Amino acid sequence: MSTPPPFSGSDHNQHKRVSSHSNPGFLERLSDTTGGMFVGVALFFLSFYVLFTNEGRALQTTASLEEGLSQVVSLDPSFSLDQNNNHLVHLSAPLYTSQPLHDPNYRVVVQAVKLKRQVEMYQWVEYHESRDYQEDGETKTETTYTYNTEWKSELINSRNFDKEIGHINPSAMAVESVTVVAPEVRVGPFFLSKGLVEQINNFQTLRLRDFPPPPLESFLTVDEDYFYHTPNPRRPEVGDVRVSFSFAGLSGAGSYPGPAQMVSVVAMQKGENLIPFKTKSGDTLEMLYLQELSAQEMFEKEHQHNTMMTWGLRAAGWALMFLGISLTTRIIYTLVDWVPVFRELVSLGLKLFALCVSSCLSLLTIAVGWLFYRPLVAVALGVMALLPLLIARSRVPAKKHQ
């Protein structure tokens with residue numbers, strides 16, 4: 001790699017840098033391909049693990065949901081706390097917390113399960129675009145660097161910029177982002193477990209224009225839904241900070257910012273607590289939806305989620321296998337890439353080969369995963385996997401007819 005020349009361009013917030021390197025020789029390309037081949041082998045075997053374990057997970061989850069639905073008890077308004085102790089129960093009721101959450105620095109008070117303080121700082125941000133071109137037998141890369149000022153919630157280290165001079169960011173924020181969670185959350189007469197509270201994430205921005213204006217410190221300015229640490233929020237400078245608030249799970253009876261959130265819960269009753277329910281299949285059931293749903297509707301949603309996850313992991317397993325085979329066979333393309341027409345045909349053939357093999361092996365792996373649970377489905381998948389091979393073999397003329 002040659003030494004890059006000084007940047008070009010007259011714009012203080014944009015410059016270009018050009019680097020060049022000689023085109024790799026055959027042995028260098030072969031070495032790179034060999035390294036990719038080992039990665040491909042690892043991905044190939046990883047795909048089997050993903051596909052096989054996914055089928056076991058899907059069937060286990062289905063069995064757990066069916067078990068839960070057969071045992072769940074929907075509580076009516078006149079239920080007794082001792083009546084369904086250690087049983088899986090379902091109820092719908094508003095959230096309740098005994099004390100509001102507050103941020104003393106900004107004097108924000110909200111009756112909710114969670115209160116999030118989001119801090120952003122006005123900082124320099126670097127963007128770059130690159131293009132490669134051939135010149136004098138070398139591959140040259142021209143990179144254009146552009147610098148903009150933006151509000152960012154994460155701290156951007158300007159020391160990593162290609163040109164830090166004139167684009168220096170502060171090394172720390174004056175205020176940190178934080179999320180406060182109510183220590184005790186009730187639904188009806190029950191306390192929610194930590195796992196149920198973690199599922200309450202319907203964050204909504206706290207609209208400061210509707211919020212009763214608190215007395216502010218002299219360095220704070222309110223504009224729209226932000227507290228600004230600057231007297232000129234419309235003309236910020238690098239290093240200025242702004243803060244917004246959001247809440248999840250309203251749990252008070254007041255009119256602002258709204259009534260208590262209605263939720264539906266399925267969990268095991270343990271006295272006054274709702275805790276995870278352990279199924280015979282080995283899963284735990286601990287469900288919370290931010291709307292009023294029957295037990296049947298909640299389990300149907302869980303089945304839909306399980307189906308989507310199952311197909312998503314099947315697609316991911318197939319993609320890993322396809323990529324693994326492509327990387328493993330890439331060395332064949334490298335051996336013939338000096339012949340322009342031939343290498344394109346080989347590239348197309350290798351892609352078709354990876355597609356056929358990954359599809360067949362993926363279906364066979366899924367069939368093996370189902371073999372001990374759904375034998376008929378497993379046999380059907382096996383036939384589908386072998387069908388392309390059977391068709392291909394039937395088209396090959398027998399030697400006695402040649």
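Sequential numbering from 1 along the given sequence is applied to the chain's residues. Computed from a predicted model, the values in this text were never measured in an experiment.
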Exercise. Taking only residues two or more places apart in sequence, or in another chain, which ones meet R207 in a salt bridge (Lys or Arg N to Asp or Glu O under 4.0 Å)?
Worked result: D210
Problem set entry | E154 atom CD, neighbour heavy-atom count above 12 within 6.0 Å | yes
Exercise. Can the ring centroids of W151 and Y122 be said to lie less than 6.0 angstrom from one another?
Worked result: yes
Problem set entry | ring pair (Phe, Tyr, Trp, His ring centres under 6.0 Å) partners of Y96, counting only residues at least two apart | none
For this session: Specify whether H15 and Y145 have parallel, tilted or perpendicular ring planes, treating 30° as the upper limit for parallel and 60° as the lower limit for perpendicular.
Result: parallel
For this session: Name all residues meeting the side chain to side chain donor-acceptor pair (under 3.5 Å) criterion together with Q204; count only those two or more places apart in sequence or in a different chain, and write none if there are none.
Result: none
Exercise. Under 3.5 Å, is there a donor-acceptor pair linking the side chains of R57 and N306?
Worked result: yes
Problem set entry | S98: partners by side chain to side chain donor-acceptor pair (under 3.5 Å), with sequence neighbours left out | none
For this session: Would you kindly say whether S130 and T143 are connected by a side-chain donor-acceptor distance under 3.5 Å?
Result: yes
For this session: Might you confirm whether atom CD1 of I165 has over 12 heavy atoms from other residues, nucleotides or ligands at distances under 6.0 Å?
Result: no
Seminar exercise, completed: Closest non-hydrogen atoms of A182 and A112, given as atom of the first, atom of the second and distance, are CB-O, 4.2 Å
Problem set entry | side chain to side chain donor-acceptor pair (under 3.5 Å): pairs with one or both residues in residues 257-283, sequence neighbours excluded | Q60-D283, S64-T279, S64-D283, N86-K270, S92-S264, N202-Q261
Seminar exercise, completed: Shortest non-hydrogen pair, A58 vs T310, comes out as CB-OG1, 3.2 Å
Exercise. Are F203 and F247 an aromatic pair by the rule of ring centers under 6.0 Å?
Worked result: no
Problem set entry | Set of residues satisfying ring pair (Phe, Tyr, Trp, His ring centres under 6.0 Å) with respect to F322, sequence neighbours excluded | W318
Show me, pair by pair, the donor-acceptor contacts under 3.5 angstrom made by side chains of residues 183-194, not counting sequence neighbours?
unit_1: R186; atom_1: NH1; unit_2: P189; atom_2: O; d: 3.0
unit_1: S193; atom_1: OG; unit_2: L196; atom_2: N; d: 3.4
unit_1: S193; atom_1: OG; unit_2: E286; atom_2: OE2; d: 2.3

Exercise. Is a side-chain donor or acceptor of S294 paired with a backbone partner of E297 at a separation under 3.5 angstrom?
Worked result: yes
Exercise. Would one find more than 12 heavy atoms of other residues, nucleotides or ligands at under 6.0 Å from atom CD of E300?
Worked result: yes
Seminar exercise, completed: H102 meets the side chain to side chain contact (heavy atoms under 4.5 Å, CB included) criterion, sequence neighbours left out, with P104, V109
Exercise. Can you check whether S246's main-chain N or O pairs, donor with acceptor, with T205's side chain at less than 3.5 Å?
Worked result: no
For this session: Examine Y147 together with H167 and report whether their ring centres are nearer than 6.0 Å.
Result: yes
Problem set entry | For L288 against Q199, the heavy-atom pair lying closest together | N-OE1, 3.1 Å
Exercise. What pairs of residues pass the salt bridge (charged side-chain N to carboxylate O under 4.0 Å, His left out) test when at least one of them lies in residues 110-131, not counting sequence neighbours?
Worked result: D103-R117, E120-R242, R131-E142
Exercise. Does S359 reach the main-chain N or O of C356 with its side chain, forming a donor-acceptor pair under 3.5 Å?
Worked result: no
Exercise. With sequence neighbours left out, what residues match R235 under salt bridge (Lys or Arg N to Asp or Glu O under 4.0 Å)?
Worked result: none
For this session: Please name all residues satisfying side chain to side chain contact (heavy atoms under 4.5 Å, CB included) with L65, sequence neighbours left out, ordered by chain then number.
Result: T61, L285, F299, E302, H303
Exercise. With distance as the sole test, does D223 use its side chain to make a donor-acceptor pair with the main-chain N or O of P233 at under 3.5 Å?
Worked result: no
For this session: Return yes if some donor-acceptor pair links the side-chain N/O of D240 with the main-chain N/O of E237 below 3.5 Å, else return no.
Result: yes
Problem set entry | Rounded distance (nearest 0.5 Å) linking atom CZ of F161 with atom CD1 of I168 | 10.5 Å
Exercise. Does a side chain donor of either H90 or S74 reach within less than 3.5 Å of an acceptor in the other side chain?
Worked result: yes
Problem set entry | Partner set under side chain to side chain donor-acceptor pair (under 3.5 Å) for E150, not counting sequence neighbours | Y127
